[in-house]
Amino acid sequence: MQKNNVIFLLKELIQLGIHDSKILKAIQNIPREHFVEKSLKYKSYENVALPIKFGQFISQPYIVAKMTELLLLKPNSKVLEIGTGSGYQTAILSYLAQHIFSIERIKELQLQAKKKLKKLKLYNISIKYGDGNQGWSTEKPFDAIIITAASKKIPKKLIQQLHNKHGILVAPIGEKNKQFLTRIFRTGKTFKTETIEQVNFVQLIDGV
């Protein structure tokens, strides 16, 4: 049954425009039920966002795939993720990049995600508890930065931690009920912004 559900989900993602074979393979190989609350495991392979603890959500598979696709990751990419959450997006990224640095502001979620990712033997991931708005300055620059919560504008410290020749940042920008998935390309001191589509995320919060 689970295998059939995964196949159905992959077909749906392809119909929605996700064609990167590496991303589809990652979604096929990473068990989403491993990151979903026990009471909602039967919905693991539905293309919907699901609530986890502390008022947070595990994003719908399409959004996970779309944001990953927009990062244009390479095997040697160094990625910063703001908002580890359940760890599902982190796991998908780990299949496509060299190393993922992820920051979570809710200590309990950070610890849970760390255990789940270790259980899947995904070792190219570093997770820390902290304020994502500050980024991870000791590991900069990053080839890609992904923010999994909405903000009115990108924190300056994150922009500054992007690689200055080919850095890409993907994030939902805007306020509640009016957010747009946005991609920013950095070349030196020049930043090019591209609006992709409307989305709905929890808000990015300052501090821990």
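Count residues from 1 along the sequence. Please read all numbers here as calculations on a predicted model, not as lab measurements.
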**Q.** More than 12 heavy atoms of other groups within 6.0 Å of Lys78 NZ
**A.** yes

**Q.** Donor-acceptor pair, side chain of Asn164 and main chain of Arg186, under 3.5 angstrom
**A.** no

Q: Spell out, yes or no, whether Ile82 and Ile106 are grouped together once hydrophobic residues are joined by side-chain heavy atoms under 4.5 Å, including indirect joins.
A: no

Q: Kindly work out whether a path of hydrophobic side-chain contacts (I/L/V/M/F/W/Y, heavy atoms less than 4.5 Å apart) joins Ile125 to Ile58.
A: yes

**Q.** Glu81 to Ile100 - nearest heavy-atom pair and separation
**A.** CB-CG2, 4.4 Å

Q | Sub-4.5 Å side-chain heavy-atom contact between Leu16 and Asn47 | A | yes

Q | Residues that Phe35 engages under ring-ring contact (aromatic ring centres under 6.0 Å, His included), provided they are two or more places apart | A | Tyr88

(Q) Taking the side chain as everything from C-beta on, heavy atoms only, tell me whether Leu204 gets closer than 4.5 Å to Pro155. (A) yes

Q) Okay, side chain of Arg183, backbone of Glu194: is any donor-acceptor separation there less than 3.5 Å? A) no

Q | Close side-chain approach of Leu80 and Glu139, heavy atoms under 4.5 Å | A | no

Q: Give the C-alpha distance, both sets of side-chain angles, the deciding distance and a yes or no for side-chain contact (heavy atoms from CB on, under 4.5 Å) between Ile173 and Lys152.
A: CA-CA 6 Å; Ile173 303 297; Lys152 293 180 182 179; over 6 Å; no

Q) Atom CG in Asn133, atom CZ in Arg105: separation rounded to 0.5 Å? A) 9.5 Å

Q. Can you tell me how far the CD1 atom of Ile159 sits from the CD1 atom of Ile145, to the nearest 0.5 Å?
A. 7.0 Å

Q. Given the rule in the salt bridge (charged side-chain N to carboxylate O under 4.0 Å, His left out) test, do Glu175 and Lys178 qualify, once you have shown the distances and angles that lead to the verdict?
A. CA-CA 5 Å; Glu175 301 182 32; Lys178 196 173 183 182; over 6 Å; no

Q: Quick one: pull up CD in Glu108 and CD in Gln110 and give me the separation to the nearest 0.5 Å.
A: 10.0 Å

Q: Establish whether Ile92 and Leu70 are linked, either directly or via other cluster members, by ILVMFWY side-chain heavy-atom contacts under 4.5 Å.
A: yes

**Q.** Exercise: identify the closest heavy-atom pair between Ala150 and Gly174
**A.** CB-O, 4.1 Å

Q. Do the side chain of Tyr95 and the main chain of Lys22 share a donor and acceptor less than 3.5 angstrom apart?
A. no

Q | From CG (Leu93) to NE2 (His99), nearest 0.5 Å | A | 12.0 Å

**Q.** Phe180 backbone acceptor or donor facing Thr182 side chain under 3.5 Å
**A.** yes

Q: Measure the spacing between NZ of Lys43 and CD of Glu37 and express it to the nearest 0.5 Å.
A: 14.5 Å

Q) Is it the case that one hydrophobic cluster holds both Ile63 and Ile196, taking links as side-chain heavy atoms less than 4.5 Å apart, direct or via other members? A) yes

Q. Taking atom types as modelled, is there a side-chain donor on Thr68 or Gln89 under 3.5 Å from an acceptor on the other?
A. yes

Q: Flag the pair Ile52 / Leu109 as yes when at least one side-chain heavy-atom distance between them is below 4.5 Å, and no otherwise.
A: yes

Q. If you count the non-hydrogen atoms of other residues, nucleotides and ligands that lie under 6.0 Å from NZ in Lys41, is the total more than 12?
A. yes

(Q) So does Ala97 get a backbone contact from the side chain of Asn124, meaning a donor-acceptor N/O pair under 3.5 Å? (A) yes

Q) Which pair of non-hydrogen atoms, one from Tyr123 and one from Lys118, has the smallest distance, and what is that distance? A) OH-O, 4.3 Å

(Q) Taking ring pair (Phe, Tyr, Trp, His ring centres under 6.0 Å) as the cut-off, I'd like each qualifying pair that reaches into residues 49-75, sequence neighbours left out, listed once. (A) none

Q.
Looking at Ser77 and Asp143, would you say the former's side chain and the latter's main chain have a donor-acceptor pair under 3.5 Å?
A. no

Q) Within the side chain of Gln134, is there an N or O that forms a donor-acceptor pair under 3.5 Å with the backbone of Lys157? A) no

Q. So, for Trp136 and Ser126, which heavy atoms are closest and what is the spacing to 0.1 Å?
A. CZ3-O, 3.7 Å

Q. Which pair of non-hydrogen atoms, one from Ala49 and one from Gln60, has the smallest distance, and what is that distance?
A. N-CB, 3.5 Å

Q) Run the side-chain contact (heavy atoms from CB on, under 4.5 Å) check on Glu33 and Tyr45 step by step: do they pass? A) CA-CA 8 Å; Glu33 71 273 13; Tyr45 293 98; 2.4 Å; yes

Q | Joint cluster assignment, Ile147 & Met67, ILVMFWY side-chain distance < 4.5 Å | A | no

(Q) I'd like to know if the side chain of Glu104 reaches the main chain of Thr84, judged simply by a donor and an acceptor atom lying under 3.5 Å from each other, with no hydrogens or angles considered. (A) yes

Q | Value rounded to 0.5 Å, distance of CG in Leu158 from CD1 in Ile103 | A | 7.5 Å

Q: Take the angle between the ring planes of His166 and His163 and call it parallel below 30°, perpendicular above 60°, tilted in between.
A: parallel

Q) Ser59 and Val64: which non-hydrogen atoms are nearest, and at how many Å? A) CB-CG2, 3.8 Å

**Q.** Neighbour count above 12 (heavy atom, 6.0 Å) for Lys128 NZ
**A.** yes

